[in-house]
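Structure first, then comments.
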Amino acid sequence: MGDHDGPADCIFCAIVAGQAPARVVHETDDTLAFLDINPITEGHSLVIPKAHATDLHDIGPDDLAATARSAKQVAALLTERLGCDGINLLHATGVAAWQTVFHLHIHVLPRVDGDLAFPFPIRGSSADDLDALHRRIVGG
Ligand code: 5GP
Ligand code: ZN
């Protein structure tokens with residue numbers, strides 16, 4: 001989409017096209033899932049739509065739904081095969097959110113008890129601040 005030029009400028013499009021290698025763990029007509037080359041946890045996989053979309057703003061609802069469905073299936077596959085205790089689904093849209101590959105993907109992270117420290121400090125907020133924020137978001 002946009003000024004995107006296919007496998008020549010997108011590593012995940014190159015994987016879909018068979019022009020770059022990947023350890024594929026799951027595939028449907030519209031999606032592909034493969035092991036992350038630099039895993040955070042054992043079995044860390046990425047689920048992508050085959051059709052290029054940059055991020056959550058760019059992707060259409062059908063491709064997003066297909067990608068989410070595949071993420072559920074990959075979570076089940078990894079749980080069955082690796083015997084993990086839990087799953088995190090992570091997604092990044094935008095550099096500020098740590099996106100580094102600009103072809104939408106959902107990270108599927110198999111988790112075992114005690115493997116990672118919780119990475120996000122709790123911000124905290126007063127009820128008044130939450131009320132003001134709520135008005136900013138929904139209007140009124
Ligand atoms: P992001 O930071 O955009 O949410 O995540 C991008 C992910 O893609 C990273 O976890 C990174 O390790 C992974 N990645 C980048 N290039 C490749 C590649 O060529 N092959 C595979 N399998 N994973 C990649
Ligand atoms: Zn792409």
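By convention here, the first residue in the shown sequence is residue 1. Every number for a ligand or one of its atoms is a count from 1 in the order of the listing.
- Under the 3.5 Å distance criterion, the side-chain polar atoms of His103 are matched with a main-chain donor or acceptor of Pro49.
- Taking only non-hydrogen atoms, the option from Asp36, Thr93, Ile48 nearest to atom 13 (C) of ligand 1 is Asp36.
- Shown in contact with Gln99 at under 4.0 Å from a heavy atom are these atoms of ligand 1, numbered in order with element: 3 (O).
- Every atom of ligand 1 with a heavy atom of Asn38 under 4.0 Å away is listed here by number and element: 12 (O).
- Checked by atom type and distance alone, the side chain of His26 never pairs as donor or acceptor with a backbone atom of Leu32 at under 3.5 Å.
- Heavy-atom contacts of Phe34 reach the following atoms of ligand 1: 22 (N) (cutoff under 4.0 Å).
- Note on ligand 1: Phe12 sits in its first shell, one or more heavy atoms being nearer than 4.0 Å.
- Using a 4.0 angstrom heavy-atom cutoff, His107 counts as in contact with ligand 1.
- Listed by chain and residue number, the protein N/O/S atoms under 2.8 Å of the Zn ion (ligand 2) are Cys10 SG, Cys13 SG, His52 ND1, His103 ND1, with waters left out.
- Evaluation of the ring-ring contact (aromatic ring centres under 6.0 Å, His included) rule for Phe102 yields no partner, not counting sequence neighbours.
- Between Val112 and Cys84, the shortest heavy-atom contact is CG1-CA, 4.1 Å.
- Under a cut-off of 6.0 angstrom, the local environment of CD in Glu42 is sparse, with at most 12 non-hydrogen atoms contributed by other residues, nucleotides or ligands.
- Per-residue contacts place Ala92 under 4.0 angstrom from the following atoms of ligand 1 (heavy atoms of the residue considered): 4 (O).
- In this structure, Arg23 has no heavy atom closer than 4.0 Å to ligand 1.
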